[in-house]
Amino acid sequence: MLQQLNGHSSSSPDQSRVSLREDIQEFLSGEAPLHQLDDLTKVNPVTLETVLRCLQARYMVDTFYTNAGCTLVALNPFKPVPGLYSPEMMREYHAASQPQKLKPHIFTVGEQTYRNVKSLIEPVNQSIVVSGESGAGKTWTSRCLMKFYAVVATSPTSWENHKIAERIEQRILNSNPVMEAFGNACTLRNDNSSRFGKFIQLQLNRAQQMTGAAVQTYLLEKTRVACQASSERNFHIFYQICKGASEEERVQWHLPKGSTFSWLPNPERTLEEDCFEVTREAMLHLGIDTRTQNNIFKVLAGLLHLGNVQFADSEDEAQPCQLTEEAKCSVRTSASLLQLPEDMLLETLRIRTIRAGRQQQVFRKACSRAECDTRRDCLAKLVYARLFDWMVLVINSSIYADPDSWTTFIGLLDVYGFESFPDNSLEQLCINYANEKLQQHFVAHYLRAQQEEYAVEGLEWSFVNYQDNQTCLDLIEGSPISICSLINEECRLNRPSSAAQLQTRIESALAGSPCLGHNKLSREPSFVVVHFAGPVRYHTAGLVEKNKDPVPPELTGLLQQSQHSLLTVLFPTDPKEKTQEKPSGQNRTPALTVVSKFKASLEQLLRILQNTTPHYIRCIKPNSQGQPQSFLQEEVLSQLEACGLVETIHISAAGFPIRVSHQNFMERYELLRRLCPRASSSFHNPYSAKEHSEQPPQGEAATLQTLLQDLLHILPALTGTAATPVDSAECTPAPLQCGRTKVFMTDFMLELLENGRTQVLEQCARCIQCGWRQHQHRKQKRQRRAATLIQAAVRSWLTRKHIQRLHTAATVIKHAWQKWRIRMAFLASKELDGLEEKHFSQAHGSPNSSPLPPMQTRLLGAIIRLWPLGLVLANAAVGIHSFQRKLVVHACLQLPSGSSSSSSVQTAQQDQAGVRSIRALPQGSIRFHCRKSPLRYADTCPEPSPFSVTGFNQILLEKHRPIHV
C-alpha cells in the first residue's frame with residue numbers, strides 16, 4: 001500500500017499472493033480471538049488451516065466442543081475434566097431457555113433432540129450419529145448422552161412413577177458396563193475400543209418420559225477371542241475374571257494366581273475397565289442373578305483353558321494330532337468347566353466328519369495341526385458369539401418397554417470408527433464399509449439434499465463441491481460386480497480358495513474403478529481401496545474363510561450334548577437344524593456369509609436413520625498416543641479431510657439452514673409490519689385477515705413478496721436493536737430468500753426476526769398493560785369512593801344509634817332520679833310531721849313536767865316549725881325567689897298571709913353559688929333512716945362543696961350552732 005501511495009503500483013501477481021498469504025498468516029497467528037469462536041462457520045476464510053488453528057487454540061484452553069454448522073466437533077481431552085459432565089451441568093443445559101446460546105457441548109445436541117421430540121405436533125423420531133476414528137471418544141460420548149437422557153427424561157409426577165423411572169434409568173445405565181466388558185477391548189489406538197457396533201433406542205412416551213430402551217448390535221469381532229494382534233488385548237471380561245475373582249471363585253473356575261493363558265496377552269496392563277465388581281453389580285441390576293453369573297464365568301474360564309490346548313503334528317497322517325503334556329491338563333479342565341465329555345471334545349477337535357454321495361455316507365478323517373487349531377478357534381468363537389447375543393437379549397428383556405407405552409424414540413448410533421492397520425482383513429473391510437455408508441447418509445441428507453433443494457426452490461445459489469463417496473460404495477457393494485459379490489462368489493464355489501486368485505479376480509473385474517488401487521511393492525496378495533478417509537490395503541489371505549464363517553456341524557452337536565445349564569440355553573436341540581443338515585446337493589440353498597449378514601443389518605439401520613431427524617457429532621482424536629494437551633496437526637488434519645468437515649462448514653456458512661413454509665412465515669412474522677411506518681395502515685385494516693384468507697395463490701405470493709420487502713426495509717432497525725453484532729461470516733448478501741414453497745434464511749436472520757418479533761410483542765404487551773392498569777386504577781378509584789361513602793353512612797348511623805342509646809339511658813336515669821327524690825322528700829316530711837305531733841302531745845299531756853322558760857319554749861317551737869322549711873328550701877331549685885319562696889315560708893311558719901309586718905323572719909342567705917338552706921338545731925338525738933339508691937353513684941357528688949348538701953340521704957345537723965330567725 002505504501003508503494004501505491006508513492007506511485008509504485010505495478011506489483012506482480014506473485015507479490016500480491018505473498019501479501020495475501022502474509023495477511024492470512026497474520027490473522028492465523030492471533031490465537032487470542034480464535035478460541036472464542038464457538039462456531040467454525042464464523043472463521044474467515046474457511047479453510048483447513050484456519051479451522052485447524054481454531055480447534056487447536058480452543059483445545060489448548062480446555063475447550064473441547066465446537067460447532068461446525070449442523071455438526072458438533074468433539075475433541076478427546078484424554079484427561080478427566082471436573083464438572084464437564086456433572087449432573088449440575090446437565091440440568092443447566094436442560095433448564096436453559098436457549099441452550100444454543102450456551103457453550104457448545106454434547107448436552108446441547110442432546111437437549112435439542114429432546115426438545116424436538118417434545119415440541120413437535122407430529123412427533124418425529126430423532127437420532128444422533130456419533131462417528132470418528134477409534135480412540136476419538138465415541139463410546140464416552142454415547143455414555144454421557146445416555147446419562148443426560150436418563151436425568152432429563154425421567155421426571156414423573158407420582159412417587160410410584162418416580163421409582164419406576166429410577167429403575168428404568170438404572171437398568172439403562174447398567175447396560176453400558178456389561179456391554180463394554182463383553183464387547184470392548186484394548187487396541188493399539190484405544191484402551192476401550194468398541195469391537196462391535198450398537199444402536200441404542202431410548203423410548204419415550206407421550207409425556208416425553210423415558211419408559212425403556214432397546215439395543216441392537218452389529219458385527220461383533222469374535223475373532224479377537226482366539227486371535228489378538230501384537231500389543232493388543234482380548235475382551236475386557238477375561239481380564240476382569242482373572243484379576244477380580246475371589247479365592248473361592250478361583251478354585252471353582254480353575255484360575256489360580258500366576259497362571260498364564262495364550263489367549264490372554266498383556267495381562268500385566270491395568271486399565272480402568274478391569275473393574276470386575278462394577279460389571280457384576282450391573283449384571284445384578286439387569287436381572288442376572290449370582291448363579292447365572294457363575295455359569296457365565298465358568299464358560300469364559302473354560303474358553304481360556306481351551307486356548308491352551310496345543311496340538312503337535314502326527315507322524316502318521318492317518319492318525320489324529322497328538323497333544324502336549326500341558327495341553328492334556330487344559331483339555332481336562334476345559335471339558336470340566338464346559339461340562340463336556342473329554343473324549344468327545346478331543347475327537348471333535350481332531351477328527352472331522354465328511355458326508356458324501358447321495359446316501360450321505362459318513363467318512364471320518366483326521367485333521368492336520370492347522371485344521372485342529374482352526375476347529376478349536378471356531379469352537380471358542382461360536383460359544384462367545386452365542387453368549388454375547390444372549391447377553392444382548394437379556395439386556396433388552398430387562399430394559400425394553402411395551403410397544404403401547406412409548407410413541408417416539410431417540411437413537412444413539414455408536415459404531416466402530418475408520419480403521420487402517422498394517423494387516424487389514426475382513427473385519428476392517430466391514431468396519432470401513434459401515435463408515436462409508438454413514439458418510440454417504442450424511443452427504444445425502446445434508447450436503448447434497450440441501451443444495452438440490454436450493455435449486456428446486458429457485459434460489460440464487462452457487463454449488464459447493466464436496467467429496468461424494470458413491471464411487472467407493474459402488475466398488476464395495478455395487479451391482480452386478482463388486483468386492484463383496486466376488487468374495488461371496490468365492491465362498492459358493494466348491495473348491496479351495498486362493499488368495500492370489502482372489503486378488504487377480506478383483507483387479508481384473510474392477511479395474512475401471514477410480515477407488516481401486518494397486519500396491520505393486522507388496523509381496524502378499526492384497527488390494528487397495530481408496531476410502532473417503534484414505535487408502536487402506538486389505539490382505540486376501542483368509543478373507544474367504546472368514547466370510548464363510550464355517551461352523552462344523554459336529555461342533556454344534558458337541559455343545560448340544562453339554563450338561564452345562566447355560567450351554568443348553570445357548571445351544572438348544574432343535575429338530576429343524578437336523579433336517580437342514582442333510583439336504584440334497586441340488587436343493588441346497590447358499591449359506592449366508594458374514595458380508596451378506598452385515599450388509600442386511602446395515603441397510604436396516606440406514607432405513608431407521610432415514611425415518612428420523614439426524615444429528616451429527618464428529619469425534620476427533622488430537623493425537624494417537626492419548627496424551628492430554630497434545631495437538632498433532634497432521635493427524636487432526638487427516639481426520640478433518642476424511643469426514644468432509646470443511647465442505648460442511650462451507651455449505652453451512654453460505655447456505656440457509658432455516659426453512660419455513662410461506663403460510664407459517666406470514667403467520668409468525670407479519671406482525672413485524674408494525675415497525676414499518678408505511679405498512680401500519682394496511683396492518684391495522686380489520687378486513688386484511690379476511691382478504692388474506694380469500695386470496696388466490698397469485699395474490700398470496702404478491703402479499704408474501706410485499707411482506708419480504710417490508711422486512712428488508714426493517715432490517716437496519718432490527719440490526720440496531722439486535723443483541724449480537726453482525727459478523728462478517730453471517731452477513732450474507734441475501735440473508736432471506738423466498739423460494740417456490742418455502743422461505744429460506746440464515747441463523748442470524750432468524751435471530752433478527754425473532755428479536756423484532758419480541759420487540760413488537762413487548763410493545764403490544766405494554767399497550768395491553770397500560771390499558772389494563774388504567775382500567776384497574778379507575779376501578780380502584782370508584783371502589784375507594786364508594787367505600788368512603790359507605791363508611792360515612794355507617795359511621796353516621798352508628799353515631800345516631802349511640803346518641804339514641806345515651807338519650808334513652810339518660811331519660812331512664814332522670815326519671816328514676818326524680819322518683820327517688822320525691823320519695824325521699826315524702827319520707828322525710830312524713831317522719832318530721834310525726835315527730836312534731838308527738839312532741840306537742842307530750843308537751844301538753846305531761847302534767848308532771850316542769851314548764852320551760854318562755855324563751856326556750858319559743859325557740860323550740862321555732863325549731864320545730866322551721867325544720868320542714870329547711871328541708872324544702874334545700875330540695876328546691878336554686879333560683880327560687882320572691883313570691884314562691886315567701887309562700888313557702890308563710891306556709892311553714894303558719895303566718896297569716898295578710899299581715900306581713902306583724903312578724904319577720906330572717907334567713908341566712910349566701911351570695912355565692914350554692915344551695916340556700918335553713919339548718920335547725922334539734923334537741924336531743926335524731927335518728928335518720930336512709931335507704932340506698934338503686935342507681936350507681938347516685939350518692940356521690942362530683943364536686944363537693946362545703947356549703948352544699950352532699951346527698952339527700954345524709955343530713956348533717958350541727959349541734960350548738962345558732963340559727964337566726
Side-chain angles (χ1 to χ4, degrees), residues 170-171 174-186 224-226 228 233-309 325-342 345 376 379-380 383-384 386-388 390-391 394-395 398 559 561-571:
Q170 192 65 30
R171 288 183 177 181
N174 284 326
S175 65
N176 272 331
V178 175
M179 298 196 69
E180 290 182 8
F182 284 85
N184 290 19
C186 177
R224 183 170 291 272
V225 177
Q228 303 85 28
R233 302 204 318 175
N234 208 326
F235 291 103
H236 293 322
I237 189 62
F238 292 105
Y239 298 90
Q240 290 180 4
I241 63 175
C242 291
K243 295 180 179 180
S246 62
E247 294 297 333
E248 182 181 356
E249 291 171 341
R250 289 182 182 277
V251 175
Q252 188 178 2
W253 301 339
H254 299 279
L255 297 174
K257 289 186 177 180
S259 57
T260 59
F261 301 95
S262 60
W263 286 354
L264 205 67
N266 303 316
E268 68 280 355
R269 294 187 60 182
T270 302
L271 302 178
E272 182 183 355
E273 289 76 18
D274 293 341
C275 187
F276 189 41
E277 293 299 326
V278 174
T279 304
R280 301 189 71 166
E281 184 178 358
M283 294 173 72
L284 283 175
H285 283 94
L286 292 174
I288 305 175
D289 55 10
T290 306
R291 182 180 178 182
T292 307
Q293 291 183 24
N294 189 27
N295 293 332
I296 293 173
F297 301 142
K298 273 186 179 181
V299 171
L300 296 177
L303 295 183
L304 288 178
H305 285 283
L306 183 64
N308 287 342
V309 177
E325 293 297 330
E326 298 177 354
K328 293 180 181 179
C329 180
S330 299
V331 169
R332 189 179 307 109
T333 304
S334 179
S336 174
L337 291 172
L338 298 177
Q339 297 186 13
L340 294 171
E342 182 180 353
L345 175 61
R376 177 202 61 198
L379 179 63
V383 172
Y384 194 82
R386 291 282 184 95
L387 177 61
F388 184 80
W390 178 81
M391 290 291 298
V394 171
I395 292 175
S398 176
L559 294 173
Q561 296 179 8
S562 173
Q563 301 299 320
H564 197 282
S565 59
L566 180 60
L567 292 180
T568 56
V569 175
L570 299 180
F571 299 93

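With hydrogens and angles disregarded, a donor-acceptor distance shorter than 3.5 Å links the side chain of R250 to the backbone of L255. Checked by atom type and distance alone, the side chain of R233 pairs as donor or acceptor with a backbone atom of R269 at under 3.5 Å. Formation of a donor-acceptor pair under 3.5 Å by the K243 side chain with backbone atoms of F276 is not found in this model. The backbone N or O of N294 lies less than 3.5 Å from no partner atom in the side chain of E249, so there is not a single donor-acceptor pair. Put simply, the side chain of Q339 gets close to the backbone of H564: a donor and an acceptor are under 3.5 Å apart. In this structure, the side chain of D274 does not engage the main chain of T270 through any donor-acceptor pair within 3.5 Å. For Q293 (side chain) and I288 (main-chain N/O), a donor-acceptor pair under 3.5 Å exists by modelled atom type. Of the possible donor and acceptor atoms, none in the side chain of R224 sits under 3.5 Å from a partner among the backbone N and O of A185. Between the side chain of T568 and the main chain of S565, a donor-acceptor pair closer than 3.5 Å is present.
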Point to revise | side-chain contact (heavy atoms from CB on, under 4.5 Å) between Y239 and L271, worked out | key: CA-CA 10 Å; Y239 298 90; L271 302 178; over 6 Å; no
Check your understanding: Could you go step by step and tell me if V299 and R386 meet the side-chain contact (heavy atoms from CB on, under 4.5 Å) rule?
Key -> CA-CA 12 Å; V299 171; R386 291 282 184 95; over 6 Å; no
Exercise for review: I would like to know whether N234 and N266 meet side-chain contact (heavy atoms from CB on, under 4.5 Å); could you show each step before the answer?
Suggested key: CA-CA 9 Å; N234 208 326; N266 303 316; over 6 Å; no
Review point. Yes or no on side-chain contact (heavy atoms from CB on, under 4.5 Å) for M283 and I296, after CA distance, side-chain angles and deciding distance?
Key: CA-CA 11 Å; M283 294 173 72; I296 293 173; 3.8 Å; yes
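Pairing each heavy atom of K298 with each of L337, the nearest pair is O-CB, 3.8 Å. Scanning both residues, S334 and G302, for their nearest heavy atoms gives OG-O, 3.1 Å. In terms of heavy-atom proximity, S175 sits nearest to I395 at CB-CG2, 3.6 Å. Nearest heavy atoms, P177 versus T279: O-OG1, 4.4 Å. Looking at every heavy atom in both residues, F571 comes nearest to V383 through CZ-CA, 4.1 Å. Of all heavy-atom pairs between N308 and F261, the closest is ND2-CD2, 3.2 Å.
A distance of 8.0 Å separates CG of L264 from CD of Q228, quoted to the nearest 0.5 Å. Within the model, atoms CD of Q561 and CG of L345 stand 11.5 Å from one another, a figure rounded to the nearest 0.5 Å. L286 CG to S398 OG: the interatomic distance, rounded to the nearest 0.5 Å, is 5.0 Å. For the atom pair I241 CD1 and W253 CH2, the distance stands at 6.5 Å (nearest 0.5 Å).
Using a 4.5 Å heavy-atom cutoff, the side chains of M179 and M391 are not in contact. L387 has its side chain within reach of L566: a pair of non-hydrogen atoms, C-beta onward, lies under 4.5 Å apart. Taking the side chain as every heavy atom from C-beta outward, C242 and L304 approach each other to under 4.5 Å. Side chains of L284 and T290 form a contact here, defined as non-hydrogen atoms less than 4.5 Å apart.
Aromatic pair F238/W263: ring centres not closer than 6.0 Å. Aromatic ring centroids of F235 and F388 lie 6.0 Å or more apart.
Within 6.0 Å of CD on E342 lie more than 12 heavy atoms contributed by other residues, nucleotides or ligands.
A donor and an acceptor atom, one from each side chain of N295 and T292, are nowhere located under 3.5 Å apart.
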